[in-house]
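Before any comments, here is the structure.
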Protein chains: 2
Amino acid sequence: MKAETGKRRRLTPEQRERQIVDGAIRFFAEVGFEGQTRELAKRLGITQPLLYRYFPSKECLIERVYNEVYIKRWQPHWEALIIDRSRPLEERLVTLYREYTRAIFNYEWVRIFMFSGLKGGNITERYLSIVQDKLFVPVCTELREVAGLPSTDEVPLEPEELELAWNLHGGIYYLAIRKWIYNLPIPEDLDGHIERVVHSFIEGTPVTLRWHFARHDV
Amino acid sequence: MKAETGKRRRLTPEQRERQIVDGAIRFFAEVGFEGQTRELAKRLGITQPLLYRYFPSKECLIERVYNEVYIKRWQPHWEALIIDRSRPLEERLVTLYREYTRAIFNYEWVRIFMFSGLKGGNITERYLSIVQDKLFVPVCTELREVAGLPSTDEVPLEPEELELAWNLHGGIYYLAIRKWIYNLPIPEDLDGHIERVVHSFIEGTPVTLRWHFARHDV
DNA sequence: CGCATAGTTAATCGATTGATAAATTGCGGC
DNA sequence: GCCGCAATTTATCAATCGATTAACTATGCG
């Protein structure tokens, strides 16, 4: 009644823990957090109680998965990139979203983020508030300059402006949702697509901003 | 050992079935399809076995929820609206997305659609293929005309063009995801936001299209 | 009033869940 | 080589899942 001989492999705690965490990320990304510990163990080729030697509860393992997935993906230099006026804003945005999609666009990140949002908590809210403060606000500040409008020091940023940055971001992120959640094909040439989308943004948004403020100030 | 007197309410089968379906839509939208039948019954104020008098299995109830949510939301006149060249394209798109968001932007639709996508199946794929054929393709056809480019009869639609329509759509739909999945605030003035986004689209996309074809044909 | 029909319920079953305790086995140090 | 510790497994528990059965009770018809 023993396991198949030779299958039992004794790893160091560090190796085993890493194996469990990596497997859990993949597993929960696929089936959601209601996925069963027995099924996870089977995929890892270990027994279910062994999971509980490394993590006191399923909830703790999930918490660990969150941390592994969200930490270390953010590139602080993005914030400097956006405000580097030695390059055209269009070029900066293309670079930003090229790198952003390379960092974020993958099966595990997109699906775990969505499961996490549906579940509740406030993990997604916290993450996106950072995105807004570190990316969208500076982008809008730069947009003011490109559009020939007063700086944000003189005229505070309006929610309507922020929404235009959210819209650019949402259109791009929707690609990831299409691919990893709706299981639909997306362009092979992602970089080319980003170039076109950012080009449309640069051509259209400053005009809209001036249009908005002109109506607004009347 | 009987239930509390007076609580028992006898409804006609039609009323009871409707009550169960409506409650199930709300319930599964909130917690996902792993939500338990006992909890659903409790929220409805009935006992769990009664669910099985109306639906042979949980899976059948879920199937019914799908049909209730997705059927009857699509407005066939949208397809005619897009190609009505007696009005400016910008006005047509604003009208379209005003109506589209009124029809689709609600808690149940957005969350059940997302749960359904994560679960797999092909419900989301089928729906979105309709959206592409009925909305995005005609929009791109109209864009050709606005941009002064050859009609789609002469030069077939390219995937890159379709992606620009997907991008507009994704940016707008991302608002719904922010609100009902990430639990973030979105603009109160949704119609005004749509006006600005569509304006940016009309200002930026034709330029990008000509830019794209110019590079392309070299 | 009485009876049949049907809506509703309590009680329960077998399978599965997260989690635990105890037995087993692999590996490094002597 | 073998000894001991710790990694891993077997066996199992209590709770909970979807689903079933049989009994209970409200309503309409005569």
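Labels below follow one simple rule: chain letters A, B, ... track the order of the sequence lines, proteins then strands, and each chain is numbered from 1. For clarity, every value in this text was computed on a predicted model and none was experimentally measured. For the numbers below, each heavy atom of this structure counts, side chains included, while hydrogens, waters and symmetry mates do not.
Atom pair A:L11:CG and D:dT9:C1' shows a separation of 14 Å (rounding to whole Å applied). Spacing between atom CG of A:L51 and atom C1' of D:dA7 amounts to 14 Å, rounded to whole angstrom units. In this structure, B:I46 places its CD1 atom 13 Å from P of C:dG7, rounding to the nearest Å. Straight-line distance from the CG atom of B:L40 to the P atom of D:dA19: 12 Å, rounded to whole Å. Rounded to an integer number of Å, the gap from B:Y52 OH to C:dT12 C1' is 14 Å. The interatomic distance linking B:Q15 (CD) with C:dA6 (C1') rounds to 15 Å, in whole Å. With rounding to whole Å, B:L50 atom CG is found 14 Å from D:dA19 atom C1'. A straight line from CG of B:L44 to P of C:dT9 spans 11 Å, rounded to a whole angstrom.
Looking only at atom types and distance, the side chain of A:W166 has a donor-acceptor partner in the side chain of A:Q132 under 3.5 Å away.
Among the protein residues, A:Y54 comes within range of the sugar-phosphate backbone only, with heavy atoms under 4.0 Å from sugar or phosphate atoms but none that close to a base. Among the protein residues, A:T12 comes within range of no part of the nucleic acid, since none of its heavy atoms lies under 4.0 Å from any strand.
Here A:T37 reaches the OP1 or OP2 of C:dG18: one of its side-chain N or O atoms lies under 4.0 Å away. Phosphate proximity of D:dT8 to A:R16: present, with a side-chain N or O under 4.0 Å from OP1 or OP2.
When distances are taken from the side chain of A:P49 to each of D:dG18, C:dA21, D:dA7, the shortest belongs to C:dA21. Distance from the side chain of A:K58 is smallest to C:dG18 among D:dA6, D:dA19, C:dG18.
Inter-residue side-chain proximity for A:E161 and A:L143 is flagged as unmet; no heavy-atom pair is nearer than 4.5 Å.
When each of B:Q48 and B:P13 is assigned the nucleotide of DNA chain C bearing its nearest heavy atom, the one mapping closer to the 5' terminus is B:P13.
A ring pair (Phe, Tyr, Trp, His ring centres under 6.0 Å) with B:F113 is found for one member of B:F28, B:Y66, B:Y127 and no other, namely B:Y127.
Under 3.5 Å, the side chain of B:R53 and the base of C:dA6 form no donor-acceptor pair of N or O atoms.
With respect to A:R92 and A:E142, a salt bridge is recorded, a charged nitrogen being found less than 4.0 Å from a carboxylate O.
B:F105 has its ring centre no less than 6.0 Å from the ring centre of B:Y100.
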